[in-house]
Number of protein chains: 2
Amino acid sequence: MARTDTRFRQSHNALLDILSGIPVGAGLPSEVQLAAKLGVSRTVIRAVVQKLGADGILQGTGRDKQLVRVPKVRDRLPLREEYIRRDELEARFLDWVLRFDVPAGTALNITQLARQFMVPPHALQEFLASLGQSGLIERRPRGGWRLLGFTADYAVELSEFRQVLELNAVRVFTALPEDHPAWAALTVIRDEHLDLLDRIDHDFHDFSRLDGRFHALINSVVSNRFVAEFQKVISLIFHYHYQWDKTMERYRNEAAIREHLTIIAALQVRDASAAKARLRAHLATSKETLLSSMRGHHLA
Amino acid sequence: MARTDTRFRQSHNALLDILSGIPVGAGLPSEVQLAAKLGVSRTVIRAVVQKLGADGILQGTGRDKQLVRVPKVRDRLPLREEYIRRDELEARFLDWVLRFDVPAGTALNITQLARQFMVPPHALQEFLASLGQSGLIERRPRGGWRLLGFTADYAVELSEFRQVLELNAVRVFTALPEDHPAWAALTVIRDEHLDLLDRIDHDFHDFSRLDGRFHALINSVVSNRFVAEFQKVISLIFHYHYQWDKTMERYRNEAAIREHLTIIAALQVRDASAAKARLRAHLATSKETLLSSMRGHHLA
DNA sequence: CATGGTGTCTTTTATGATAAAAATCACCGG
DNA sequence: CCGGTGATTTTTATCATAAAAGACACCATG
């Protein structure tokens, strides 16, 4: 078989569900309506209807088809175990690379990895190609891929790049007009920081998400597709590492919240240079955390 | 046939060349040596040697094989017309997108494009995936690709991003120690600018390359893989447009050279703020040129 | 005769099969 | 033990093809 018939099987079962809702002897909705309802093309619907006719569930031809009997559970087609989705692949792959400390320069084996991650080799290939931008992966001259690895160098350069982008964002932020929605958003997120600070003892785990949203807000004022693209990579990596370095997590997070608040305060009084200086300090801390989490992990 | 046998054919002909250099009756070098010499695996060498044995050019088995007769021209295997290389595909594709003003949002047809560009569909697929970073291309939910198009928005955002990166580079540049090689390189490129200025009437076409090298030098002091990655995209796009907007080319180029020289001068006296201001002005001009070239092209 | 439908055909994409190439292992003669 | 060959096992790039989507023509019916 070339393409998988997953779509056909899903539509088959979905149509059975629809048929269960109408009385025996009633006519079918039109093919176009069914296709729209299930979100597939008419070709699929026609194939399913034909099969149901052969199975004795439907009868008639043309625009005159009726339900012969109520479909039973055993009429359903088993779905073959499906491959995982793209975002899950991304998560699993990063988890594998970052967590298991794969040495830099490792040659990747497409087929083996594809099996390991439960995806068709083709999908993995495309995924790796799309990951080229992140600088984690390199194409070898004659076929194959090499993992450049998540090294300390990489972390440093990532942090530096992040700093360049965010300092620029802060510069833009302080120049925004008074009625720009970002100011309101800033007030809201400030309150969220204060709120989390109150219940830090229990909920310090919530900081990771708040941190992501804070930095996203800062960068959101720069409407630039390239910045946004990189922001995704950056937040991905930082977010992942946040989840592992459990040492001092509660205190680190509390400190980070306070740093965020000083930055917010500086922004609110439109003090660009103060905001930049504080952001610089915060990002430096962040970088150190990232590096130390890598070192700790490497020793483990 | 699954994989092409190009490699086999090339090795076949290359081995014929080697055999032409040794006397009839002499023994062959070892398979390992031949494989190393031709840069292929032993499997290929063995396949070629076997074919040459069948053709009566070699005889013997094991480590005892000799040349029977001098190979003739007609022993060579014809190379089937090969597909184009990756960088050529890149050039052709960009040329197509940028020159023919493909409307934004166009759905790309893999097979058709693959034929058009003389590459296997698979290669095009991977190429498109790798181009995801540039923001020119988007993957549609259920298969297929969409061309986001090279719009004015795109050009503006690209220019802005470029400015952020290069301003940062200039900041780093002025802080470099006296003995850093970049200073020497700066002097060299300054002389090249002066030189080109002297012969601008005839050689103004040379500016495109010089411009590329100038900006590359500026950015080279930031050793950051992400910056470098983006630099590639940026120089690609700008370089391409340079080639088309022929209006006022000579005067534009002369003006740009002078702008470069003012930036170089500011750098050389370590005046960061002056250098930044002048770079800003230069990039603004550059952006305008890019936009006007797009407008001109759009009207055409 | 316009509208909503079906039958048929063409185009396009995703995937499994497969051959070429690379890498690995086992063995041999000196 | 070393440099080599023979045989075997991965591994990757390409191709053929089925599934899905889309386009077109025609038909029945109010």
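In what follows, every chain begins at residue 1, and chains take the letters A, B, ... in the order their sequences are listed. For clarity, every value in this text was computed on a predicted model and none was experimentally measured. Side-chain atoms are counted along with the backbone in the values below, which use heavy atoms only and exclude waters and symmetry mates.
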Legend entry - 5′-ward residue of the pair A:Phe8/B:Asp64 relative to DNA chain D: B:Asp64
Inset, instruction - Compare side-chain N and O positions of B:Ser30 against OP1 and OP2 of D:dG3 and report whether any pair is under 4.0 Å apart. - result: no
Legend entry - Rounded distance in Å - CD (B:Gln10) to C1' (C:dA22): 16 Å
Legend entry - Donor-acceptor pair under 3.5 Å, B:Thr43 side chain vs C:dA23 base: yes
Inset, instruction - Please determine if a side-chain N or O atom of A:Ser41 lies less than 4.0 Å away from the OP1 or OP2 oxygen of D:dA21. - result: yes
Legend entry - Selected nucleotide, minimal atom distance to A:Arg7 side chain, candidates C:dA23, D:dA20, C:dA20: D:dA20
Inset, instruction - Answer yes or no: side-chain N or O of B:Arg42 and base N or O of D:dG6 forming a donor-acceptor pair under 3.5 Å. - result: yes
Inset, instruction - Look at the side chain of A:Asp5 and decide which nucleotide, out of D:dT5, D:dA19, C:dG5, has an atom nearest to it. - result: D:dA19
Legend entry - Earlier contact from the 5' end, DNA chain D, for A:Arg63 and A:Val44: A:Val44
Legend entry - Between C:dT8 (P) and A:Arg46 (CZ): distance, integer Å: 7 Å
Legend entry - Closest to side chain of B:Glu31, choosing from D:dT5, D:dA20, C:dA22: D:dT5
Inset, instruction - Determine, for B:Arg76 against B:Asp17, whether the closest basic-nitrogen to carboxylate-oxygen distance falls under 4.0 angstrom. - result: yes
